[in-house]
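Beneath this line is the structure, given in structure tokens, with notes to follow.
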Amino acid sequence: MSDSKQPTPAVRKAEPFRNEPHTDFSRKENREAFQTALDDIAAQLGGEFPLVIGGKSINTRKTLASINPSRKSQTVGVVASATSDHAEEAIAAANRAWESWRYVEAAIRAEHLEVMAAEIRNRRFELAAWEVYECGKPWAEADGDIAEAIDFCMYYAQQMRELGVPVQCDYPGEENSYSYRSRGVCVVIAPWNFPLAILTGMTVAALVSGNTVIMKPAEQSSVIAAKLMEIARDAGIPPGVLNYLPGVGEEIGPVLVESPDVNMIAFTGSRAVGLAINKQAAETDPRQRGVKRVIAEMGGKNAIIIDEDADLDEAVQAVVGSAFGYSGQKCSACSRAIVLEACYDAFLTRVKAATESLKVGPAEHPATTVGPVIDQEAFDRIRDFIAIGKDECTTVVATDVSELAEEGFFIGPHVFADVDPDSRLAQQEVFGPVLAVIKAEDLDQALELANGTEFALTGGMFSRSPRNLQRAREEFEVGNLYLNRNITGALVQRHPFGGYKFSGIGSKAGGHDYLLQFLIPINISENTLRRGFAPPPDDEKA
Ligand code: NAD
């Protein structure tokens with residue numbers, strides 16, 4: 001058989017990549033080392049963190065206080081708050097720096113990311129400890145976030161080394177070369193819920209592709225972002241190539257997004273802000289270099305379907321873990337369980353018992369599985385949803401944590417059953433420890449309910465029927481579908497992450513085509529049948 005008749009292979013293999021292992025906290029030495037890191041960071045709380053623009057540290061008159069959600073009276077750090085003038089300064093610095101950074105070889109830029117990864121690895125427990133205090137992340141969650149940040153650096157470095165090599169497609173008399181250029185200045189606007197990983201992922205993707213970056217972290221996680229700035233500086237990222245611009249999103253966000261000197265926005269956060277950014281960025285100003293590129297990774301209303309033959313032992317554990325891990329504040333969190341009638345009552349009985357066994361407490365405490373929610377605004381919003389649940393649905397679990405409420409923003413896990421699929425509780429993103437359980441007559445209805453929101457981020461199904469699992473593969477409208485497992489904890493390369501519909505514009509973070517969004521493809525064709533070359537001018541001959 002000639003080569004052209006070879007059958008197309010059924011799968012393409014991903015290139016080898018090794019994810020950073022998570023820390024095993026069942027080992028005493030790891031627990032002790034982590035506790036030491038927590039004690040060390042406790043002694044550093046309350047420090048000041050200036051802006052960094054063009055390599056210079058700048059103090060501002062207005063500041064933001066970053067608070068420990070487990071202990072509202074404790075200030076984790078006092079962070080500078082940028083004004084629109086600072087935003088303009090940062091844009092100018094990033095544009096100046098782009099003039100040289102864009103010409104740095106891809107392999108050298110990749111090396112910078114590898115050095116950053118090594119530095120994050122060296123400071124792993126210290127960084128995770130900052131997250132415990134600043135974002136109320138329980139130990140294992142904080143550790144996972146740091147591991148993911150390392151993965152983003154290593155994976156995008158690997159990807160850029162490949163993309164940095166031009167693809168040749170030559171014909172007799174004609175040379176064709178396909179390669180990439182950077183876009184320019186990229187504004188990175190990040191959420192607080194994966195405080196290091198998401199910020200690092202968007203930032204290093206932009207940097208390694210030759211763009212310069214203005215990093216605007218979420219107000220609630222600006223201290224950990226200052227640590228990333230430190231790491232980038234220590235890794236030799238030149239002044240102005242990365243700028244640290246904490247501030248109030250509603251104030252400086254629009255200044256950054258609308259500037260004619262910004263070329264790209266990489267955003268992760270809520271649907272409302274993502275759509276507003278997309279709209280603002282679409283407006284063109286005669287001074288700008290071209291149409292702005294927007295990546296916006298937004299919210300979800302993720303469901304797990306429990307089929308009638310599902311293994312309930314596994315399903316219940318996965319639903320509870322996915323719904324209440326980090327207090328339901330993961331974009332991938334399960335907020336709806338859609339359960340087939342045949343196993344509905346049995347599922348509810350077991351979910352109730354499993355949820356009631358969760359340990360709610362301060363994130364610093366090693367036994368805590370459910371910590372606080374991020375801030376007062378989240379606390380009030382989630383409480384409003386709980387009031388709706390109590391009013392409109394059957395309350396299955398309403399964990400009372402009033403004894404902790406004085407100290408921090410604690411809300412215990414809640415489970416509501418018989419939820420109307422069209423109600424606010426079933427349609428809007430709660431982003432807290434609240435699970436809505438919905439009954440479905442059959443799989444047709446379950447899939448219809450699962451797809452019946454404006455989001456398409458993550459979803460899952462527990463079933464023992466290969467036919468039904470196949471239907472989920474084909475019909476479940478989500479960017480990340482998980483079968484017979486939990487729906488959180490996406491790993492770089494293994495589970496490239498991101499949604500569609502109103503959950504996202506862009507390709508998947510940690511996936512093989514992510515970097516392409518930060519690059520401009522260029523094809524150069526040269527007729528090589530020309531007669532010789534003109535000699536170089538005299539001044540170049542020497
Ligand atoms: P948010 O939208 O409130 O804030 C995100 C960022 O946008 C912050 O840095 C904030 O300061 C900034 N911002 C606020 N207003 C702005 C404006 N007008 N212009 C520009 N920037 C502005 O979101 P959050 O509360 O930080 O994060 C939670 C949300 O993020 C949830 O909806 C969650 O689902 C989503 N999320 C999605 C993913 C994903 O990959 N799809 C990942 C993590 C979080």
Side-chain angles (χ1 to χ4, degrees), residues 64 66 69 79 81-82 84 87 134-135 145 148 152 187-203 214-222 224-225 244-259 262 265-281 294-302 326-335 373-379 381-382 428-432 453-458 478-480 487-490 492 495-511 514:
L64 300 167
S66 188
V79 181
S81 181
S84 46
E134 190 173 34
C135 299
D145 191 59
E148 193 179 3
F152 279 131
V187 171
V188 168
I189 303 179
W192 48 265
N193 67 332
F194 289 94
L196 191 67
I198 292 183
L199 182 70
T200 302
M202 293 192 286
T203 299
I214 296 159
M215 191 163 76
K216 156 55 193 107
E219 293 84 327
Q220 301 91 333
S221 56
S222 295
I224 189 82
Y244 168 65
L245 202 77
V248 177
E250 292 82 346
E251 291 172 12
I252 56 164
V255 181
L256 293 166
V257 172
E258 285 166 12
S259 166
V262 162
I265 298 105
F267 167 83
T268 306
S270 62
R271 173 189 185 279
V273 176
L275 294 184
I277 288 176
N278 193 40
K279 190 170 169 194
Q280 283 159 7
V294 175
I295 302 173
E297 301 302 336
M298 303 179 284
K301 188 69 194 172
N302 314 309
Y326 193 34
S327 305
Q329 301 174 108
K330 299 183 190 182
C331 36
S332 51
C334 170
S335 66
V373 300
I374 190 73
D375 58 14
Q376 186 69 51
E377 203 182 310
F379 183 85
R381 186 193 64 243
I382 298 163
Q428 294 176 10
E429 189 181 42
V430 179
F431 223 54
T453 74
E454 57 187 12
F455 298 106
L457 191 51
T458 65
V478 286
N480 286 66
I487 66 167
T488 57
V492 166
H495 317 118
F497 189 79
Y500 63 108
K501 282 160 79 173
F502 284 98
S503 290
I505 328 168
S507 69
K508 292 179 177 300
Y514 187 70

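All ligand and atom numbering here is 1-based and tracks the order in the structure. Not measured: the values here are computed from a predicted model.
Considering backbone and side-chain atoms together, Ser270 places an N or O closer than 3.5 Å to an N or O of ligand 1. Considering backbone and side-chain N/O of Lys216, one or more are found under 3.5 Å from N/O of ligand 1. Among the atoms of Phe497, none of the N or O lies under 3.5 angstrom from an N or O of ligand 1. Polar contact with ligand 1: absent for Asn193 (N/O pair, distance under 3.5 Å).
Looking only at heavy atoms of the protein, atom 27 (O) of ligand 1 is closest to Pro191 CB, 3.5 Å. Of the protein's non-hydrogen atoms, Glu219 OE1, 3.7 Å is the one closest to atom 10 (C) of ligand 1. Looking from atom 8 (C) of ligand 1 to the surrounding protein, the closest heavy atom is Ala190 O, 3.2 Å. Ranking protein heavy atoms by distance to atom 28 (C) of ligand 1, first place goes to Phe431 CE2, 3.5 Å. Counting protein heavy atoms only, atom 31 (C) of ligand 1 is closest to Glu429 OE1, 3.5 Å. In terms of protein heavy-atom proximity, atom 41 (N) of ligand 1 is closest to Met298 O, 2.7 Å. In terms of protein heavy-atom proximity, atom 24 (P) of ligand 1 is nearest to Trp192 NE1, 3.5 Å. Scanning the protein for heavy atoms near atom 12 (C) of ligand 1, the closest one is Ile189 CG2, 3.6 Å.
Across all their heavy atoms, Lys501 and Ala456 have their closest contact at CD-CB, 3.6 Å. What you find for Pro217 and Ser221 is that their closest heavy atoms are CB-O, 4.4 Å. Shortest non-hydrogen contact noted between His495 and Asn480 is O-ND2, 3.9 Å. The two residues Lys216 and Val248 come nearest to each other via the heavy atoms CE-C, 4.3 Å. Ala225 and Met215 get closest at one heavy-atom pair: O-CE, 3.7 Å.
Every residue two or more places apart in sequence or in another chain that forms a side-chain contact (heavy atoms from CB on, under 4.5 Å) with Val294 is listed here: Ile265, Ile277, Asn278, Ala281, Ala296.
In Ile277, the part holding a heavy atom less than 4.0 Å from any atom of ligand 1 is the side chain. At a heavy-atom cutoff of 4.0 Å, ligand 1 is contacted by no atom of Gln220, backbone or side chain. Of all the heavy atoms of Ala276, none lies under 4.0 Å from any atom of ligand 1, so neither backbone nor side chain is involved.
Here the side chains of Phe497 and Val492 are not in contact, with every heavy-atom distance at 4.5 Å or above. For the pair Phe379/Pro69, no side-chain contact is recorded, criterion being any heavy-atom separation below 4.5 Å from C-beta on. The closest side-chain heavy-atom distance from Glu429 to Met298 is not below 4.5 Å. Lys301 places a side-chain heavy atom less than 4.5 Å from the side chain of Val430.
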- Item | Audit row: Ser332, Leu457, side chain to side chain contact (heavy atoms under 4.5 Å, CB included) steps and yes/no | CA-CA 7 Å; Ser332 51; Leu457 191 51; 5.7 Å; no
- Message: I'd like to know whether Gln428 forms a side chain to side chain contact (heavy atoms under 4.5 Å, CB included) with Arg271, so could you lay out the CA-CA distance, the side-chain angles of the two residues, the decisive distance to 0.1 Å, and finally the verdict.
- Response: CA-CA 11 Å; Gln428 294 176 10; Arg271 173 189 185 279; over 6 Å; no
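Between Gly249, Ala218, Gly247, it is Gly249 that holds the heavy atom closest to atom 17 (C) of ligand 1. Nearest-heavy-atom check against atom 19 (N) of ligand 1 across Ala272, Gly253, Gly274, Ala378 picks out Gly253. When the options Ile198, Asn302, Leu256, Val273 are ranked by their closest heavy atom to atom 22 (C) of ligand 1, first place goes to Val273. Selection from Cys331, Pro246, Gly269 by nearest heavy atom to atom 29 (C) of ligand 1 gives Gly269.
In Glu377, the CD atom is not crowded: 12 or fewer heavy atoms of neighbouring residues, nucleotides or ligands sit closer than 6.0 Å.
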Extract all donor-acceptor atom pairs below 3.5 Å that involve side chains of residues 188-200 and protein atoms in other chains or at least two apart in sequence.
unit_1: Asn193; atom_1: ND2; unit_2: Gln329; atom_2: O; d: 3.1
unit_1: Thr200; atom_1: OG1; unit_2: Leu196; atom_2: O; d: 2.6

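In this structure, Phe194 does not count as a contact residue of ligand 1, since none of its heavy atoms falls inside 4.0 Å of the ligand. Within the structure, the closest approach of Val257 to ligand 1 does not fall below 4.0 Å when heavy atoms are considered. Using a non-hydrogen distance threshold of 4.0 Å, Gly499 does not register as a contact of ligand 1.
The nearest protein heavy atom to atom 4 (O) of ligand 1 is not closer than 4.0 Å.
Ligand 1 places these atoms under 4.0 Å from at least one heavy atom of Pro217: 9 (O). The distance from ligand 1 to the heavy atoms of Phe267 drops below 4.0 Å at these ligand atoms: 2 (O), 5 (C), 6 (C), 7 (O).
Once rounded to the nearest 0.5 Å, the distance linking CG of Asp375 with CD of Gln220 reads 5.0 Å.
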